[in-house]
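So the structure is just underneath, and the comments pick up after that.
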Amino acid sequence: MILEEATTSRRGFVGAAAAAAAALAVSATGCAAAPKSESSKAASSAAGSNAGTGETLLPNLENLEFHKPTAAPVAFVDGQIADGDIKETIECDVVVCGAGMAGATAAASCSQHGLATVLLEKGATFAARGSEIGAIDDRAHKAAGVEIDKKKLLDDAMVSADYRADRNVWKRYIDRSGEAMDWAIDTSEATPGSKCGDFTVVGANTESDGVITWASGVRVAGGTPAFVEMMIENAKSHGADVRYNTPACQLVRDGEGAVTGVIAKADGSYIKFNAKKGVVLATGSYDQNWDILSQVARPRDLAVNAWINPTLTEAGDGHLMGQAVGAAIDDLPHVLMNDPAGSTAGTRANGAIFAFPRVNAEGKRFVNESLSFEFVTNSIMYQTGARDYLLMSGDLEAAFDTMKGVIPWKGSDLVAQCKDVLIEANSIDELAEKIGVDKDALKATVERYNEFCAKGVDEDFGKNPTTLLPLDQAPFYALEESGSCLVTVSGLKINEKSQVLDTKGAAIEGLYALGNTSGSMFFGTYPHHISAVSHGRCVCFGYLVGRTLAGLE
């Protein structure tokens, strides 16, 4: 359904997704390959003879290996839900679907502005991960003395999306995220029991290989789970009705096509929520729905070792509900937020996200390892087999402590996370043999790299000199690496007011989308170098949608 241009029909895809959902409950392992679904077989067939074993719509020309994510149940209902099946009807001003960063912020903003707000969550609790939220020109940045040139950042954002993004949406984020962050800090301070702690900015803007990594992230001392919990408690204190284990299933429209409510399901029964002001879709991504992933993403992006989103509910329900009422989606291929350090164990080996030297199947370096995560990961995924080997040597704990910089992780913990997937050898020759690369090539690569470490200058790739740690002490280590997917970040097209757009570019009355359910900002790759923009857009537009629905914008 999410791909009308594909050979799979709209109703056919939804049927396949629903059928898959019934089987998802028996899927127990996160990265183990699952049997092909019928829709996957159809997509593979549609891709042509070059598809090989790839279960994607686009040809898998290199027969890349896929490790499917843990599958989440699909809550979206395609067929019309009969009035007789609805056991209860509730009147309110706003229904927010999804209690993650975006939904929790929207619920707090709506309820603070006096709107009767219902917050629906598919899972048993809220969804959150990470430690930073993006913002520009807020109090935390001012306190740290970190300035961000808004015009340069906007230009960078548009270039990063190949100008296949909505400039107005980006400008709204850049212009208003500071205000939203200040509001969030004030909200935390006003919420009894908030565990957020201080909001701080650590580090500064940096540049490498012509890429500016913007220090736009604001660190929440208690972590973003504390932030989301705080927003929900604040919403409840202003009268919001928060319901867990109550997934939104279908949007309700009037005769004019405006969205007037949503039907959700709880304890086996349907509940209809009539929303006078609007419905906000904030159900997250679809990284746990292979039927959608295999139709909209690049095969190379899908060939990751690890799917690391701990929220096991993200099947694209908001995307599907939006499309069912005529919403447009981002252009293809869609964007996955991929990090490096996807290990063969199906997890992200956190210590391996740092700028250690990497070699491909030929035993040669191929990237400036100190670039931001998206460029390092894209370079890894471009290599033969979408794989590489990360190299380390000597005292790993000391190496991790050096490489992590200001990140508040312990070197000993990072060693523990990597130890089970490390390949160890007493010499470079032995290491080359164990990982299956040419001995002479690997030895020449290491010798040249060590020369750069001695000089303090990476003459081949321009790596940050502070990360030039030599590979000159036994034991020597390699870690077979691919990408690790956090979430998908493409979605329903929106305008700068977060209104969902139809395929003709007109706003669908009464329907809004936030966070990873929304689109219009990213294309080609997720711009990790614009730090924490994913969480930043959740908070900025969540804050603003409350003001919009309250008539303040």
Test of understanding: with ring-ring contact (aromatic ring centres under 6.0 Å, His included), list the residues that count as partners of Tyr526, not counting sequence neighbours. Phe522, His528

All ring-ring contact (aromatic ring centres under 6.0 Å, His included) counterparts of His535, not counting sequence neighbours: none

Parallel, tilted or perpendicular, as decided by the 30° and 60° cut-offs, for the rings of His529 and Phe375: tilted

Would you call the rings of Tyr286 and His319 parallel, tilted or perpendicular, taking 30° and 60° as the class edges? perpendicular

Which heavy atom of Pro299 sits nearest to which heavy atom of Thr56, and what is that distance? CG-OG1, 3.6 Å

How close do Phe199 and Met181 get, counting heavy atoms only, and between which atoms? CD2-SD, 4.0 Å

Flag yes if more than 12 heavy atoms outside Glu179 fall under 6.0 Å of its CD atom; otherwise flag no. yes

Please say whether more than 12 non-hydrogen atoms of neighbouring residues, nucleotides or ligands are located less than 6.0 Å from CD in Glu256. no

Do NZ/NE/NH1/NH2 and the carboxylate oxygens of [X] and [Y] come within less than 4.0 Å?
X: Lys493; Y: Asp331; answer: yes
X: Glu553; Y: Arg172; answer: yes
X: Lys236; Y: Glu229; answer: no

List in chain and number order the residues that pass side-chain hydrogen bond (donor to acceptor under 3.5 Å, both in side chains) with Glu91, two or more places apart in sequence or in another chain; answer none if no residue qualifies. Asn274

Can you tell me how far [atom2] of [Y] sits from [atom1] of [X], rounded to the nearest 0.5 angstrom?
X: Arg253; Y: Leu511; atom1: CZ; atom2: CG; result: 10.0 Å
X: Cys249; Y: Ile263; atom1: SG; atom2: CD1; result: 8.0 Å
X: Ile185; Y: Phe227; atom1: CD1; atom2: CZ; result: 9.0 Å

Report yes if the side chains of Ile136 and His141 come closer than 4.5 Å at any heavy-atom pair, otherwise no. no

Side chains of Asp241 and Thr117, heavy atoms from C-beta outward: is any pair under 4.5 Å? no

With Lys272 as reference, evaluate Thr89, Ile81, Asp85 under the side-chain contact (heavy atoms from CB on, under 4.5 Å) test and give the passing residue. Thr89

Identified side chain to side chain donor-acceptor pair (under 3.5 Å) counterpart of Asp287 within the set Thr70, Asn309, Thr311: Asn309

